[in-house]
Amino acid sequence: MTLKFIDLFAGIGGFRIGMERAGYECVFSSEIDLHACEMYEENFGDNPYCDITKYDVSKIPDFDVLCAGFPCQSFSISGKQKGFYDDIRGTLFFDICRVLEAKKPRAFILENVKNLSTHDKGRTLSVMLDALSKLGYTVNFKILNAKDFGVPQNRERVIIVGNREGKFFDFERLVKSPVESMEKFLDKTGLFEILEPDEYTLLNKEYIKRQPQSGLEFIGYRNKKMRTVGVREGTEHLSRVHKQPNRIYSSKGVHPTLPSQETAGRFYIYVDGIVRKLTIKECYRFMGFPENFIKVGKKGQLYSRIGNSICVNVVYAVAKELEYILEGEFELITEKSPREELENLFLEAQGDDIFTVYSLKEEQLSWVNTIVEKEANNKAVYTVLLTSLFYKYLHPEQDVRIHQVELSGGYSGRTFDTKIVTPFLKDKRFRGAMKESGWLTRSLEQKHPYTLDFPGAINNKEVKISFLNILNDIEENNTNPKLYIMNILKRSIIEKEKENIIVINPVTRESNFDIHDIMNLLENHFNHKYSSRGASILPVVAFYSIYECLLEEMSRYSSKKIDELASHYSSDRSSGATGDIVVRNQDNTLYEVVEIKFGIEIDKMMLEDAYNKIKPSTVQRYYILSTKEPTDKERKEFDFRIEEIKKEHGVQIIINGLMKTLAYYLRLLEDTDKFIEKYILNMKENSEINYEHQVSWNNLIKFQEKN
């Protein structure tokens, strides 16, 4: 039976060529760019013009596989989950899910830029994977590079594949054909755009190196303006020194990613003793398009269209493996692989009645809650526990407390974790996902069974007790390990979804907040009773945001720069910091430093410590600010010592209340909305700010808007 597919966000048909080459039949296409539609119709005989965001999906013919390469968009989530529609509404990804839910195809293949995997700290991809899983699909993703599939282009893209059969799509099974050089793909004759020798500079041979990961060989540059920011003298041989359109690459290596933004053709190559641009024909060849593909339109349009397409060869490889899963011998295999079993458990854990179906006793539930609550800070314990439970589920005869083959009657927990559980946790973006294996943690790798007397020094005592008691419960009391697995997975999914919060930006409303409103917001945000560690970083982020505004607005800071925030939990000695906020001159010398204390009284010792830190420097001002303001008596004592320090060193030390200083700085700003925007952005990007802080901010904004 021929598998049928639809082609959403179709472009010029890269997906369609790859799918049809693999034996699939296209039954519906959708695209809104008029030039792309024109080329699509020329090559396939169908005009795909259709706005899928407004289309009645019930009119789409039945199909087996949905294909889509779609723009990356972030999702706005306010904290209360009302189903995936509320998470993704207003995005093009929403329309993909709308089609999947309505038509329930057997599978899908989605493609996006590599940065999707890290966009918004990975939350964007996490929301997508969760939404697809909730629709009943077993989902997997991987970053694939076009140069591994028969074309000479270093083009990395995220490919997401899902199916309703409960089968694991194994990207490692894809048939690859790596390419190391452009040479066999280049035209020998033609109207080439050639640079004159005085228009470029080639590097000396000792500087020419093949980049091991990308396969690129940077060989020279056009004699145009170089970058200046952060560039040292004598670094002309480094590719990053030159803007991308000015770089020249050797044809003995592969080509950089063909971009969609550059309508003039971006990169130059060195081949047969000349420097020239790629031809349009070569660009399409580098994407796997056939030689007879019809090209219509202006050259700039053709460059843009191919840069915005998908590598045909990648589509073909994925489509063939998907066909095997849906229709091939795979169907004859009755025993599922461990990864497939784990995928099915994860899919089942998406259900709303899990806690009812797999109910635990009060004590058992307390152990699970402890493990999941501490999941992010105790990743090794979380991973080892889930690995042990899952192995027990598959092999009931094995005592999983005996976790090493060197122990009598043991098994290799680390091997099973490395191959199955950790890759699963990483793919699903669990908070407890590790880079390799939980058994690489010293406190867990000991040659001692995970019995109640296990001597490993697990830092959190409650976590250790819960971990050992769960394993003891399944081995000594014959408790079904699936009960624990389902409860842990479900609770982890809930906690993971909480972290997909985008903080609300109140500046979008018509009337802006005044300084009084902002100070109320900040004071409540700083002093909210959080259950987790970390509130002390919020004032630091607020002052960092203030200084970002000051550097833009005030002439006093016009030639200054600000250091990125160091870890708030590292000591000054280990981080090398002189304070929380560090402003520097252009020559990198210190100009102004702010040290922030949260709930800590400033004393004489603190003042002396600050002076000792800044003695060797030429810092002009040093602020020590605390949420606990000094008394009048303390101020007089501080003033006397501050005056002495000023005479000795010249630095002006200012000790003051944190909130007073914050209000003063806000009054200096021309536009306080900018401060709010920067505070929100810095909250989103700082890894030490957790979802509790974000939820608190959103609740404060909603309360303020109502009142």
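No donor-acceptor pair under 3.5 Å is formed between the side chain of S696 and the backbone N or O of H693. The backbone N or O of I596 lies less than 3.5 Å from a partner atom in the side chain of D580, making a donor-acceptor pair. Side chain of N378 to main chain of V381: no donor-acceptor pair is present (N/O by atom type, distance under 3.5 Å, no hydrogens or angles). Side-chain atoms of T370 come within 3.5 Å of backbone atoms of S366 as a donor-acceptor pair (strictly under, hydrogens ignored). With hydrogens and angles ignored, the 3.5 Å screen pairs a side-chain donor or acceptor of T441 with a backbone N or O of G438. No donor-acceptor pair closer than 3.5 Å links the side chain of K496 to the backbone N or O of R431. Formation of a donor-acceptor pair under 3.5 Å by the E634 side chain with backbone atoms of T631 is found in this model. With hydrogens and angles disregarded, no donor-acceptor distance shorter than 3.5 Å links the side chain of S30 to the backbone of F9.
Across all their heavy atoms, T627 and G599 have their closest contact at OG1-N, 2.6 Å. Contact detail for E31 and G11: the closest heavy-atom pair is OE1-N, 2.7 Å. When all heavy atoms are compared, the tightest approach of G432 to L425 is O-CD1, 4.4 Å. Of all non-hydrogen atoms in Q694 and M683, the two that sit nearest each other are NE2-O, 3.8 Å. Scanning both residues, F526 and A535, for their nearest heavy atoms gives O-CB, 4.0 Å. Nearest heavy atoms, G579 versus V593: CA-CG1, 3.7 Å.
For the residue pair N524/H528, the side-chain donor-acceptor check at 3.5 Å is not satisfied. Judged by distance alone, the side chains of R556 and Y591 do bring a donor and an acceptor atom under 3.5 Å apart. Side-chain contact check for Y611 and E644: no donor-acceptor pair (N or O, by modelled atom type) lies under 3.5 Å. With hydrogens and angles left out, the side-chain atoms of K561 and N588 include a donor and acceptor closer than 3.5 Å. No side-chain donor from either of E601 and S626 sits under 3.5 Å from a side-chain acceptor of the other. No side-chain donor from either of H649 and Y622 sits under 3.5 Å from a side-chain acceptor of the other.
Between E495 and K490 there is no salt bridge, since no side-chain N of the basic residue sits under 4.0 Å from a carboxylate O of the acidic one. Electrostatic pairing of E592 and K560 does not count as a salt bridge here, judged by no charged N lying under 4.0 Å from a carboxylate O. In this structure, E608 pairs ionically with R641, as a charged nitrogen and a carboxylate oxygen lie closer than 4.0 Å.
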Can R157 and N112 be said to form a side chain to side chain donor-acceptor pair (under 3.5 Å), step by step? CA-CA 6 Å; R157 291 293 185 267; N112 213 297; over 6 Å; no

Evaluate Y358 against E348 for side chain to side chain donor-acceptor pair (under 3.5 Å), listing each step before the verdict.
CA-CA 11 Å; Y358 298 99; E348 188 180 353; 2.5 Å; yes

| said: Between S545 and N682, does the side chain to side chain donor-acceptor pair (under 3.5 Å) criterion hold? Intermediate values first, please. | reply: CA-CA 7 Å; S545 305; N682 289 324; 3.0 Å; yes

- Query: Between M519 and L666, is a side-chain contact (heavy atoms from CB on, under 4.5 Å) present by the stated rule, with each step listed?
  - Reply: CA-CA 9 Å; M519 290 304 297; L666 284 170; 3.6 Å; yes

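A heavy-atom distance below 4.5 Å is found between the side chains of M606 and K597. Taking 4.5 Å as the limit, every side-chain heavy atom of I96 sits out of range of all side-chain heavy atoms of L92. For the pair Y679 and H525, the minimum side-chain heavy-atom distance is below 4.5 Å. Counting heavy atoms from C-beta on, the side chains of I624 and N656 never come closer than 4.5 Å. Within the 4.5 Å cutoff, no side-chain heavy atoms of I562 are placed close to those of R584. Contact annotation: the side chain of M659 never approaches that of E629 to less than 4.5 Å [non-hydrogen atoms, C-beta and beyond].
Here F467 and W367 keep their ring centres 6.0 angstrom or further from each other. Taking the ring centroids of Y665 and Y547, they lie under the 6.0 Å cut-off.
One distance of note links CD of E643 with CD of E648; it measures 11.0 Å at 0.5 Å rounding. Residue T589 holds its OG1 atom at 3.5 Å from CG of D587, rounded to the nearest 0.5 Å. Atom CG of residue L669 and atom CD1 of residue I515 lie 7.5 Å apart, to the nearest 0.5 angstrom.
A cation-pi contact, defined as under 6.0 Å to the ring centre and within 45° of the axis, is absent between R98 and Y55.
Tested against F543, the residues L658, L538, L565 include a single side chain to side chain contact (heavy atoms under 4.5 Å, CB included) partner, L658.
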